[in-house]
Trainee: 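Provided herewith is a single structure, encoded as structure tokens, for subsequent inquiry.
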2 protein chains.
Amino acid sequence: MTTGRASRRPTRQQQAVADILGQSADFASAQALHGRLREAGETVGLATVYRALQAMADAGQVDVLRTDDGEAVYRACEPGHHHHLVCRTCGRTVEVEGPAVETWTDRVAAEHGFIDVTHTLEIFGTCADCARGASAS
Amino acid sequence: MTTGRASRRPTRQQQAVADILGQSADFASAQALHGRLREAGETVGLATVYRALQAMADAGQVDVLRTDDGEAVYRACEPGHHHHLVCRTCGRTVEVEGPAVETWTDRVAAEHGFIDVTHTLEIFGTCADCARGASAS
DNA sequence: CTCAGAATGATAATCGTTGTCAACTCGGTG
DNA sequence: CACCGAGTTGACAACGATTATCATTCTGAG
Ligand SMILES: [Zn+2]
Ligand SMILES: [Zn+2]
Ligand SMILES: [Zn+2]
Ligand SMILES: [Zn+2]
């Protein structure tokens, strides 16, 4: 059958968003990513950046989380369920896994009769580099 | 010194916000709380509701978390660090504690050289009542 | 080439939240 | 009691992130 239901080849803009995401190791907001694309000479509309990010998030290709002030930030992550350890100063991000936490959340939820359980878990701190740098000021 | 640094007696509006929070067992948005105050006959400005909630959050008297779409929701909780098990259908909320999770997050952060560590952890699911009710439809 | 459908992007609209500032409250003072 | 000043209030404007709109552009099959 002609094309089949397989995912369509990504457009130049979608590819640009995917690329910029792949290059940055830390979580970044849609607007920040859009700015970087602009600087890099790519012409991509802000709305398209939002759409691409949303699609990739739906497809599980990027992780999304919300900053304290409600802004959504995105990051290209390894596939599979995991959590993040984020430096609240420089944004350095480490993916972490905790099988014990997974079982604990499921058990707690089950004890209270909850089903279809998911969870969010993020760890914030100050990384060694930032702790050293900020000690003087 | 006249009054001293002790906390001032709460105003009628601040008390009203505290009361409405104490009455609802689930997380609610600032606007929803404002609406309920209006229905209850209390005249409190929306800005004041936001201010009162922010003050109570800073004082650790209420927990704040963000819904998937970035809206801040508030709940009067027991003092002390804990997490939440929330029904994503009806909003029923259970406070849960997990000492093992606390030590795990601290240990993981320390292994990566992070200090001054905090974390967020919320569990979402469908409670027994909602699972029963929704099975037919 | 031609056309239908999908994608794009400039812009307007939405919506939660915060800032502004004049009016108000309230306890102390003379 | 009249007055003062610090803190609070609330109507409204301003803000910023996100989403909706819709005319234009792109794409790829026939
Ligand atoms: Zn850092
Ligand atoms: Zn997990
Ligand atoms: Zn429920
Ligand atoms: Zn905890």
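Chain letters run A, B, ... following the sequence lines, proteins first and then strands; every chain starts at 1. The structure displayed is predicted, hence computed values, not measured ones.
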Trainee: Can you give one letter per nucleotide of nucleotides 20-26 of chain C, 5' to 3': B if a protein heavy atom sits under 4.0 Å from the base, S if only from the sugar-phosphate, - if neither?
Mentor: B------

Trainee: Looking at B:Ile20, is its backbone amide N or carbonyl O close enough to the side chain of B:Gln23 to form a donor-acceptor pair, meaning the two atoms are under 3.5 Å apart?
Mentor: no

Trainee: Salt bridge or not for B:Asp68 and A:Arg66, using N-O below 4.0 Å?
Mentor: no

Trainee: Run the side-chain donor-acceptor check on residues 41-63 of chain B: report pairs under 3.5 Å with partners two or more places apart or on a different chain.
Mentor:
residue : atom : partner : partner atom : Å
B:Asp63 : OD2  : B:His82 : NE2          : 2.9
B:Asp63 : OD2  : B:His84 : NE2          : 3.1

Trainee: Give a yes or no on whether the backbone of B:Val64 and the side-chain of B:Arg75 come within a donor-acceptor separation of less than 3.5 Å.
Mentor: no

Trainee: Taking only the side-chain nitrogens and oxygens of A:Thr11, find out if one of them lies under 4.0 Å from OP1 or OP2 of C:dA7.
Mentor: no

Trainee: If you round to the nearest 0.5 Å, how far is CG of B:Leu33 from OG of B:Ser24?
Mentor: 6.0 Å

Trainee: Is there a donor-acceptor contact under 3.5 Å from the side chain of B:Thr103 to the main chain of B:Val101?
Mentor: no

Trainee: Spell out, yes or no, whether B:Trp104 and B:Leu121 are grouped together once hydrophobic residues are joined by side-chain heavy atoms under 4.5 Å, including indirect joins.
Mentor: yes

Trainee: Does A:Thr67 reach the main-chain N or O of A:Glu71 with its side chain, forming a donor-acceptor pair under 3.5 Å?
Mentor: yes

Trainee: Can you list everything that forms a side chain to side chain donor-acceptor pair (under 3.5 Å) with B:Thr118? Sequence neighbours excluded, please.
Mentor: A:Arg88

Trainee: Let me test you: for the helix from C:dC1-D:dG30 to C:dG30-D:dC1, what is the angle between the axes at its two ends (five pairs each), rounded to 10 degrees?
Mentor: 0°

Trainee: Nearest-Å distance, CD (B:Glu71) to C1' (C:dT17)?
Mentor: 10 Å

Trainee: Without decimals, in angstroms, what is the distance between A:Glu42 CD and C:dG9 P?
Mentor: 10 Å

Trainee: Does B:Tyr50 place a side-chain N or O at less than 4.0 Å from the phosphate oxygens OP1/OP2 of C:dT17?
Mentor: yes

Trainee: With a 6.0 Å cut-off (strictly less than), is the heavy-atom count around CZ of A:Arg38, excluding the residue itself, greater than 12?
Mentor: no

Trainee: Could you walk me through whether A:His83 and A:His119 pass the side-chain hydrogen bond (donor to acceptor under 3.5 Å, both in side chains) test, one step at a time?
Mentor: CA-CA 10 Å; A:His83 302 284; A:His119 62 265; 3.2 Å; yes

Trainee: What is the distance, rounded to the nearest whole Å, between atom CD of B:Gln13 and atom P of D:dA11?
Mentor: 11 Å

Trainee: Using a strict heavy-atom distance below 4.0 Å, which residues from residues 53-69 of chain A are in contact with DNA chain C?
Mentor: none

Trainee: Quick one: does B:Glu95's side chain have a donor or acceptor within less than 3.5 Å of a partner on B:Glu78's backbone?
Mentor: yes

Trainee: If you draw a 6.0 Å radius around CD in A:Glu97, do more than 12 non-hydrogen atoms from other residues or ligands fall strictly inside?
Mentor: no

Trainee: Pull out every residue in residues 21-40 of chain A that has a heavy atom closer than 4.0 Å to any atom of DNA chain C, ordered by number, or say none.
Mentor: none

Trainee: In whole Å, what is the span from the CG atom of B:Leu46 to the P atom of C:dT18?
Mentor: 10 Å

